[in-house]
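Since the model is a prediction, treat every value here as computed from it, not as a measurement.
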2 protein chains.
Amino acid sequence: MTQSSLTAILHLFQAQARLEERFSGALGGVHGLGLKEALFLMHLQQAPLRRLTRVDLAKRLHISASTVTRMAVPMEKLGLVARQPDPRDARLAYVVLTETGQAIVTDARATFERLATEVFRDRWTEQEVGQLADLLGRLNSNQIGVLA
Amino acid sequence: MTQSSLTAILHLFQAQARLEERFSGALGGVHGLGLKEALFLMHLQQAPLRRLTRVDLAKRLHISASTVTRMAVPMEKLGLVARQPDPRDARLAYVVLTETGQAIVTDARATFERLATEVFRDRWTEQEVGQLADLLGRLNSNQIGVLA
DNA sequence: GCATATTACTTGCGTACGCAATTAATGTGT
DNA sequence: ACACATTAATTGCGTACGCAAGTAATATGC
(Lines give C-alpha, C1' and ligand atoms only; values in the text may rest on other atoms or scores of the structure.)
Protein backbone atom coordinates (compact mmCIF):
# COMPACT_ATOMS: atom_id res chain seq x y z
CA MET A 1 0.00 0.00 0.00
CA THR A 2 2.72 2.42 1.04
CA GLN A 3 4.63 1.51 -2.07
CA SER A 4 1.83 1.98 -4.55
CA SER A 5 0.74 5.18 -2.80
CA LEU A 6 4.12 6.72 -3.37
CA THR A 7 4.18 5.51 -6.94
CA ALA A 8 0.74 6.92 -7.59
CA ILE A 9 1.67 10.34 -6.25
CA LEU A 10 4.94 10.50 -8.17
CA HIS A 11 3.28 9.41 -11.38
CA LEU A 12 0.59 11.99 -10.83
CA PHE A 13 3.13 14.78 -10.50
CA GLN A 14 4.93 13.55 -13.57
CA ALA A 15 1.74 13.29 -15.59
CA GLN A 16 0.61 16.74 -14.59
CA ALA A 17 3.89 18.33 -15.62
CA ARG A 18 3.72 16.74 -19.05
CA LEU A 19 0.09 17.60 -19.59
CA GLU A 20 0.61 21.17 -18.46
CA GLU A 21 3.35 21.60 -21.05
CA ARG A 22 1.20 20.14 -23.76
CA PHE A 23 -1.96 22.03 -22.92
CA SER A 24 -0.18 25.31 -22.33
CA GLY A 25 1.41 25.18 -25.73
CA ALA A 26 -1.70 24.16 -27.60
CA LEU A 27 -4.10 26.53 -25.86
CA GLY A 28 -1.73 29.47 -26.16
CA GLY A 29 -1.40 28.79 -29.85
CA VAL A 30 -5.09 28.68 -30.69
CA HIS A 31 -6.61 31.31 -28.44
CA GLY A 32 -4.72 34.10 -26.77
CA LEU A 33 -5.14 32.32 -23.47
CA GLY A 34 -2.70 30.42 -21.34
CA LEU A 35 -3.72 27.30 -19.48
CA LYS A 36 -4.13 29.25 -16.27
CA GLU A 37 -6.42 31.78 -17.89
CA ALA A 38 -8.49 29.05 -19.50
CA LEU A 39 -9.05 27.32 -16.16
CA PHE A 40 -9.85 30.69 -14.64
CA LEU A 41 -12.63 31.27 -17.16
CA MET A 42 -13.86 27.67 -17.01
CA HIS A 43 -14.43 28.01 -13.30
CA LEU A 44 -16.50 31.12 -13.93
CA GLN A 45 -18.47 29.40 -16.66
CA GLN A 46 -19.71 26.64 -14.40
CA ALA A 47 -20.46 28.97 -11.48
CA PRO A 48 -24.08 29.87 -10.57
CA LEU A 49 -24.33 33.34 -12.10
CA ARG A 50 -21.20 32.93 -14.21
CA ARG A 51 -19.46 34.82 -11.48
CA LEU A 52 -17.31 34.21 -8.42
CA THR A 53 -15.65 36.38 -5.81
CA ARG A 54 -11.92 36.71 -6.01
CA VAL A 55 -11.23 34.70 -2.88
CA ASP A 56 -13.52 31.95 -4.08
CA LEU A 57 -11.72 31.79 -7.39
CA ALA A 58 -8.40 31.76 -5.59
CA LYS A 59 -9.43 28.73 -3.54
CA ARG A 60 -10.71 26.84 -6.54
CA LEU A 61 -7.62 27.56 -8.61
CA HIS A 62 -5.24 27.02 -5.69
CA ILE A 63 -3.61 30.39 -6.20
CA SER A 64 -3.38 33.47 -4.01
CA ALA A 65 -5.99 36.20 -3.97
CA SER A 66 -3.46 38.69 -5.25
CA THR A 67 -2.83 36.55 -8.30
CA VAL A 68 -6.54 36.49 -9.05
CA THR A 69 -6.61 40.28 -8.84
CA ARG A 70 -3.69 40.57 -11.19
CA MET A 71 -4.90 37.93 -13.63
CA ALA A 72 -8.26 39.62 -13.90
CA VAL A 73 -6.86 42.96 -15.07
CA PRO A 74 -5.78 41.99 -18.61
CA MET A 75 -8.88 39.85 -19.08
CA GLU A 76 -11.03 42.82 -18.09
CA LYS A 77 -9.28 44.93 -20.67
CA LEU A 78 -9.96 42.28 -23.27
CA GLY A 79 -13.59 42.30 -22.23
CA LEU A 80 -13.66 38.64 -21.21
CA VAL A 81 -14.66 39.34 -17.64
CA ALA A 82 -16.10 42.32 -15.80
CA ARG A 83 -16.01 43.59 -12.26
CA GLN A 84 -19.34 43.41 -10.49
CA PRO A 85 -19.70 44.84 -6.99
CA ASP A 86 -22.15 43.25 -4.58
CA PRO A 87 -24.93 45.63 -3.45
CA ARG A 88 -25.26 43.80 -0.12
CA ASP A 89 -21.56 43.72 0.73
CA ALA A 90 -19.36 46.47 -0.60
CA ARG A 91 -16.22 44.43 0.05
CA LEU A 92 -17.09 41.87 -2.56
CA ALA A 93 -16.07 42.37 -6.15
CA TYR A 94 -17.28 39.52 -8.29
CA VAL A 95 -15.46 38.49 -11.40
CA VAL A 96 -18.22 37.86 -13.92
CA LEU A 97 -17.92 36.27 -17.33
CA THR A 98 -19.05 38.55 -20.18
CA GLU A 99 -20.74 37.41 -23.39
CA THR A 100 -17.42 37.70 -25.14
CA GLY A 101 -15.75 35.71 -22.40
CA GLN A 102 -18.49 33.12 -22.64
CA ALA A 103 -17.80 32.63 -26.33
CA ILE A 104 -14.06 32.42 -25.83
CA VAL A 105 -14.22 29.94 -23.00
CA THR A 106 -16.65 27.72 -24.87
CA ASP A 107 -14.17 27.64 -27.69
CA ALA A 108 -11.27 27.02 -25.31
CA ARG A 109 -13.21 24.22 -23.70
CA ALA A 110 -13.65 22.55 -27.06
CA THR A 111 -9.92 22.76 -27.68
CA PHE A 112 -9.35 21.40 -24.21
CA GLU A 113 -11.65 18.50 -24.94
CA ARG A 114 -9.95 17.74 -28.21
CA LEU A 115 -6.54 17.72 -26.55
CA ALA A 116 -7.80 15.55 -23.73
CA THR A 117 -9.16 13.05 -26.22
CA GLU A 118 -5.85 12.95 -28.05
CA VAL A 119 -4.02 12.13 -24.85
CA PHE A 120 -5.92 8.88 -24.49
CA ARG A 121 -6.54 8.11 -28.13
CA ASP A 122 -3.87 5.45 -28.43
CA ARG A 123 -3.68 2.47 -26.14
CA TRP A 124 -6.63 3.42 -23.93
CA THR A 125 -10.07 1.90 -23.77
CA GLU A 126 -13.05 4.03 -22.86
CA GLN A 127 -13.42 2.00 -19.70
CA GLU A 128 -9.87 2.74 -18.61
CA VAL A 129 -10.26 6.46 -19.14
CA GLY A 130 -13.49 6.39 -17.17
CA GLN A 131 -11.77 4.46 -14.42
CA LEU A 132 -8.97 7.01 -14.23
CA ALA A 133 -11.46 9.88 -14.15
CA ASP A 134 -13.36 8.17 -11.34
CA LEU A 135 -10.30 7.50 -9.24
CA LEU A 136 -9.02 11.03 -9.63
CA GLY A 137 -12.48 12.29 -8.84
CA ARG A 138 -12.40 10.31 -5.61
CA LEU A 139 -9.09 11.90 -4.80
CA ASN A 140 -10.72 15.31 -5.06
CA SER A 141 -14.01 14.36 -3.51
CA ASN A 142 -13.30 15.72 -0.06
CA GLN A 143 -13.17 19.31 -1.19
CA ILE A 144 -15.36 22.03 -2.62
CA GLY A 145 -15.58 23.40 -6.08
CA VAL A 146 -14.16 20.74 -8.33
CA LEU A 147 -14.49 21.68 -11.95
CA ALA A 148 -16.95 19.86 -14.21
CA MET B 1 -14.75 8.96 -24.31
CA THR B 2 -14.32 12.64 -25.06
CA GLN B 3 -16.29 13.47 -21.97
CA SER B 4 -14.41 11.24 -19.56
CA SER B 5 -11.10 12.29 -21.11
CA LEU B 6 -11.80 15.91 -20.27
CA THR B 7 -12.97 14.99 -16.80
CA ALA B 8 -9.89 12.91 -16.19
CA ILE B 9 -7.56 15.72 -17.20
CA LEU B 10 -9.37 18.34 -15.16
CA HIS B 11 -9.45 16.10 -12.12
CA LEU B 12 -5.78 15.40 -12.57
CA PHE B 13 -4.92 19.09 -12.58
CA GLN B 14 -7.08 19.64 -9.54
CA ALA B 15 -5.57 16.71 -7.67
CA GLN B 16 -2.04 17.83 -8.44
CA ALA B 17 -2.67 21.34 -7.16
CA ARG B 18 -4.01 20.04 -3.86
CA LEU B 19 -1.25 17.49 -3.42
CA GLU B 20 1.42 20.02 -4.25
CA GLU B 21 0.12 22.32 -1.51
CA ARG B 22 0.03 19.52 0.98
CA PHE B 23 3.42 18.05 0.16
CA SER B 24 5.13 21.42 -0.10
CA GLY B 25 3.99 22.38 3.35
CA ALA B 26 4.84 19.10 5.00
CA LEU B 27 8.21 18.60 3.35
CA GLY B 28 9.27 22.17 3.97
CA GLY B 29 8.40 21.76 7.61
CA VAL B 30 10.37 18.60 8.25
CA HIS B 31 13.49 19.03 6.15
CA GLY B 32 14.75 22.30 4.83
CA LEU B 33 13.67 21.22 1.37
CA GLY B 34 10.80 22.32 -0.78
CA LEU B 35 8.88 19.86 -2.94
CA LYS B 36 10.85 20.87 -6.01
CA GLU B 37 14.18 20.30 -4.29
CA ALA B 38 13.04 16.92 -2.99
CA LEU B 39 12.07 15.75 -6.47
CA PHE B 40 15.36 17.11 -7.76
CA LEU B 41 17.31 14.98 -5.32
CA MET B 42 15.08 11.94 -5.79
CA HIS B 43 15.83 11.97 -9.50
CA LEU B 44 19.53 11.98 -8.72
CA GLN B 45 19.14 9.17 -6.23
CA GLN B 46 17.67 6.77 -8.76
CA ALA B 47 20.10 7.70 -11.51
CA PRO B 48 22.94 5.31 -12.52
CA LEU B 49 25.87 6.94 -10.73
CA ARG B 50 23.66 9.10 -8.53
CA ARG B 51 24.34 11.82 -11.02
CA LEU B 52 22.76 13.50 -14.02
CA THR B 53 23.68 16.29 -16.37
CA ARG B 54 21.80 19.54 -16.00
CA VAL B 55 19.89 19.20 -19.24
CA ASP B 56 18.90 15.68 -18.36
CA LEU B 57 17.61 16.81 -14.98
CA ALA B 58 15.76 19.65 -16.64
CA LYS B 59 13.95 17.23 -18.97
CA ARG B 60 13.01 14.88 -16.16
CA LEU B 61 11.76 17.66 -13.92
CA HIS B 62 10.07 19.53 -16.76
CA ILE B 63 11.87 22.73 -15.94
CA SER B 64 14.36 24.84 -17.88
CA ALA B 65 18.09 24.24 -17.82
CA SER B 66 18.63 27.64 -16.25
CA THR B 67 16.40 26.70 -13.35
CA VAL B 68 18.44 23.56 -12.77
CA THR B 69 21.60 25.66 -12.68
CA ARG B 70 20.09 28.04 -10.18
CA MET B 71 18.52 25.37 -8.01
CA ALA B 72 21.81 23.54 -7.76
CA VAL B 73 23.71 26.48 -6.27
CA PRO B 74 22.17 26.55 -2.78
CA MET B 75 22.15 22.75 -2.60
CA GLU B 76 25.85 22.74 -3.45
CA LYS B 77 26.49 25.18 -0.65
CA LEU B 78 24.60 22.91 1.72
CA GLY B 79 26.72 20.02 0.52
CA LEU B 80 23.80 17.97 -0.77
CA VAL B 81 25.09 17.85 -4.32
CA ALA B 82 28.41 18.49 -5.99
CA ARG B 83 29.57 19.53 -9.41
CA GLN B 84 31.37 16.84 -11.35
CA PRO B 85 32.89 17.62 -14.75
CA ASP B 86 33.05 14.91 -17.38
CA PRO B 87 36.61 14.03 -18.46
CA ARG B 88 35.40 13.01 -21.93
CA ASP B 89 33.30 16.08 -22.60
CA ALA B 90 34.25 19.33 -20.98
CA ARG B 91 30.83 20.82 -21.66
CA LEU B 92 29.12 18.46 -19.26
CA ALA B 93 28.84 19.30 -15.59
CA TYR B 94 27.09 16.51 -13.73
CA VAL B 95 25.10 17.19 -10.63
CA VAL B 96 26.05 14.39 -8.30
CA LEU B 97 24.44 13.44 -5.01
CA THR B 98 26.83 13.59 -2.05
CA GLU B 99 26.75 11.29 0.98
CA THR B 100 25.01 14.04 2.91
CA GLY B 101 22.55 14.50 0.11
CA GLN B 102 21.97 10.77 0.02
CA ALA B 103 21.03 10.76 3.68
CA ILE B 104 18.74 13.76 3.34
CA VAL B 105 16.93 12.45 0.31
CA THR B 106 16.41 9.04 1.90
CA ASP B 107 14.81 10.81 4.81
CA ALA B 108 12.75 13.03 2.53
CA ARG B 109 11.61 9.99 0.61
CA ALA B 110 10.36 8.42 3.81
CA THR B 111 8.38 11.54 4.61
CA PHE B 112 7.08 11.52 1.07
CA GLU B 113 5.99 7.93 1.47
CA ARG B 114 4.24 8.64 4.75
CA LEU B 115 2.36 11.57 3.24
CA ALA B 116 1.41 9.52 0.21
CA THR B 117 0.04 6.79 2.43
CA GLU B 118 -2.00 9.31 4.39
CA VAL B 119 -3.60 10.60 1.22
CA PHE B 120 -5.15 7.22 0.53
CA ARG B 121 -5.58 5.97 4.07
CA ASP B 122 -9.28 6.64 4.27
CA ARG B 123 -11.77 5.28 1.75
CA TRP B 124 -9.20 3.60 -0.50
CA THR B 125 -8.48 -0.08 -0.92
CA GLU B 126 -5.01 -1.26 -1.77
CA GLN B 127 -6.33 -2.44 -5.09
CA GLU B 128 -7.71 0.96 -5.97
CA VAL B 129 -4.46 2.72 -5.16
CA GLY B 130 -2.61 0.19 -7.26
CA GLN B 131 -5.04 0.72 -10.09
CA LEU B 132 -4.54 4.47 -9.96
CA ALA B 133 -0.77 4.07 -9.91
CA ASP B 134 -0.97 1.76 -12.92
CA LEU B 135 -3.19 4.04 -14.95
CA LEU B 136 -1.03 7.07 -14.23
CA GLY B 137 2.01 4.99 -15.07
CA ARG B 138 0.47 4.20 -18.43
CA LEU B 139 -0.08 7.88 -18.97
CA ASN B 140 3.64 8.46 -18.49
CA SER B 141 4.81 5.35 -20.27
CA ASN B 142 5.65 6.99 -23.58
CA GLN B 143 8.46 9.05 -22.16
CA ILE B 144 11.88 8.69 -20.62
CA GLY B 145 12.97 9.02 -17.06
CA VAL B 146 9.91 8.46 -14.97
CA LEU B 147 10.75 8.46 -11.30
CA ALA B 148 10.58 5.24 -9.28
C1' DG C 1 -24.20 51.10 19.86
C1' DC C 2 -19.45 50.99 20.07
C1' DA C 3 -14.99 48.72 20.15
C1' DT C 4 -12.73 44.87 18.21
C1' DA C 5 -12.25 41.03 15.12
C1' DT C 6 -12.78 39.23 10.72
C1' DT C 7 -13.14 39.31 5.74
C1' DA C 8 -12.32 40.99 0.76
C1' DC C 9 -9.45 43.02 -1.93
C1' DT C 10 -5.29 45.55 -3.39
C1' DT C 11 -0.36 46.79 -3.53
C1' DG C 12 4.71 46.62 -2.41
C1' DC C 13 8.38 43.60 -2.30
C1' DG C 14 11.21 39.69 -2.80
C1' DT C 15 11.77 35.33 -5.18
C1' DA C 16 11.55 31.84 -8.82
C1' DC C 17 10.99 30.88 -13.35
C1' DG C 18 11.41 30.70 -18.69
C1' DC C 19 13.37 32.71 -22.82
C1' DA C 20 16.97 34.35 -25.41
C1' DA C 21 21.65 35.62 -25.86
C1' DT C 22 26.36 34.24 -24.74
C1' DT C 23 30.37 31.27 -24.15
C1' DA C 24 32.76 27.16 -24.60
C1' DA C 25 33.24 22.58 -26.36
C1' DT C 26 32.15 18.77 -29.34
C1' DG C 27 30.23 16.84 -33.69
C1' DT C 28 29.80 16.90 -38.88
C1' DG C 29 30.68 17.51 -43.73
C1' DT C 30 33.75 18.23 -47.32
C1' DA D 1 42.07 19.99 -41.31
C1' DC D 2 38.88 23.61 -41.33
C1' DA D 3 34.39 25.81 -41.45
C1' DC D 4 29.93 25.36 -39.57
C1' DA D 5 26.31 23.30 -36.88
C1' DT D 6 24.97 21.51 -32.53
C1' DT D 7 25.01 20.94 -27.59
C1' DA D 8 25.81 22.13 -22.39
C1' DA D 9 25.81 25.42 -19.31
C1' DT D 10 25.41 30.12 -17.61
C1' DT D 11 23.59 34.88 -17.23
C1' DG D 12 20.60 39.04 -18.22
C1' DC D 13 16.04 40.32 -18.39
C1' DG D 14 11.18 40.40 -18.07
C1' DT D 15 7.20 38.23 -15.98
C1' DA D 16 4.32 35.82 -12.62
C1' DC D 17 3.69 34.49 -8.20
C1' DG D 18 3.09 34.34 -2.89
C1' DC D 19 3.46 36.77 1.41
C1' DA D 20 2.64 40.40 4.28
C1' DA D 21 1.06 44.95 5.01
C1' DG D 22 -2.48 48.22 4.13
C1' DT D 23 -7.39 49.78 3.35
C1' DA D 24 -12.15 49.45 3.54
C1' DA D 25 -16.34 47.13 4.87
C1' DT D 26 -18.98 43.85 7.57
C1' DA D 27 -19.59 40.79 11.61
C1' DT D 28 -19.29 39.92 16.65
C1' DG D 29 -19.12 40.62 21.64
C1' DC D 30 -20.15 43.29 25.46
Margin query: If you assign A/Ala93 and A/Arg70 each to the DNA chain C nucleotide with the nearest heavy atom, which residue ends up on the more 5' nucleotide?
Written below: A/Ala93
Check: In terms of the nearest nucleotide of DNA chain C, which residue is placed more toward the 5' end: A/Thr53 or B/Ala65?
Finding: A/Thr53
Next item on the list: Could you list all the salt bridge (charged side-chain N to carboxylate O under 4.0 Å, His left out) pairs where at least one residue sits in residues 127-137 of chain A, not counting sequence neighbours?
Entry: A/Glu128-B/Arg138
Can you check the [X] [atom1] to [N] [atom2] distance for me, whole Å?
X	N	atom1	atom2	result
A/Asp86	D/dA24	CG	C1'	15 Å
A/Arg51	C/dC9	CZ	P	12 Å
B/Glu21	D/dC17	CD	C1'	14 Å
B/Met71	C/dA16	CE	C1'	10 Å
B/Lys36	C/dT15	NZ	C1'	12 Å
A/Gln84	C/dC9	CD	P	12 Å
B/Asp56	D/dT7	CG	C1'	13 Å
B/Leu57	C/dC17	CG	C1'	16 Å

Nearest to the side chain of [X], which nucleotide is it out of [options]?
X	options	answer
A/Ile63	C/dC17, C/dT6, D/dG18	D/dG18
B/Ala90	C/dC9, D/dA25, C/dA25	C/dA25
A/Leu92	D/dT11, D/dT7, C/dC9	C/dC9
B/Ser64	C/dG18, D/dT11, C/dT11	C/dG18
B/Arg54	D/dA9, D/dT26, C/dA25	D/dA9

Give every donor-acceptor pair under 3.5 Å between a side-chain atom in residues 64-72 of chain A and any protein atom, sequence neighbours left out.
from, atom 1, to, atom 2, distance (Å)
A/Ser64, OG, A/Ser66, OG, 3.0
A/Ser64, OG, A/Thr67, N, 3.3
A/Ser64, OG, A/Thr67, OG1, 3.0
A/Thr69, OG1, A/Ala65, O, 3.4

Next item on the list: For the pair A/Arg109 and A/Glu113, find out whether any cationic side-chain nitrogen is under 4.0 Å from an anionic carboxylate oxygen.
Entry: no
Notebook entry, point to check: Can you check whether A/Val55 reaches A/Leu92 side chain to side chain, under 4.5 Å on heavy atoms?
Noted result: no
Note to self: Using heavy-atom distances to pick each residue's nearest nucleotide on DNA chain D, tell me which of B/Asp89 and A/Pro87 is more 5'.
What the structure shows: B/Asp89
Check: Which residue, A/Glu37 or A/Arg91, contacts DNA chain D at a nucleotide closer to its 5' end, judged by nearest heavy atom?
Finding: A/Glu37
Check: Should the ring pair B/Phe23 and A/Phe13 be called parallel, tilted or perpendicular, given that the plane angle runs from 0 to 90° and is split at 30 and 60?
Finding: perpendicular
Next item on the list: Would you state whether a donor and an acceptor, one from the side chain of B/Ser66 and one from the base of C/dC19, lie under 3.5 Å apart?
Entry: yes
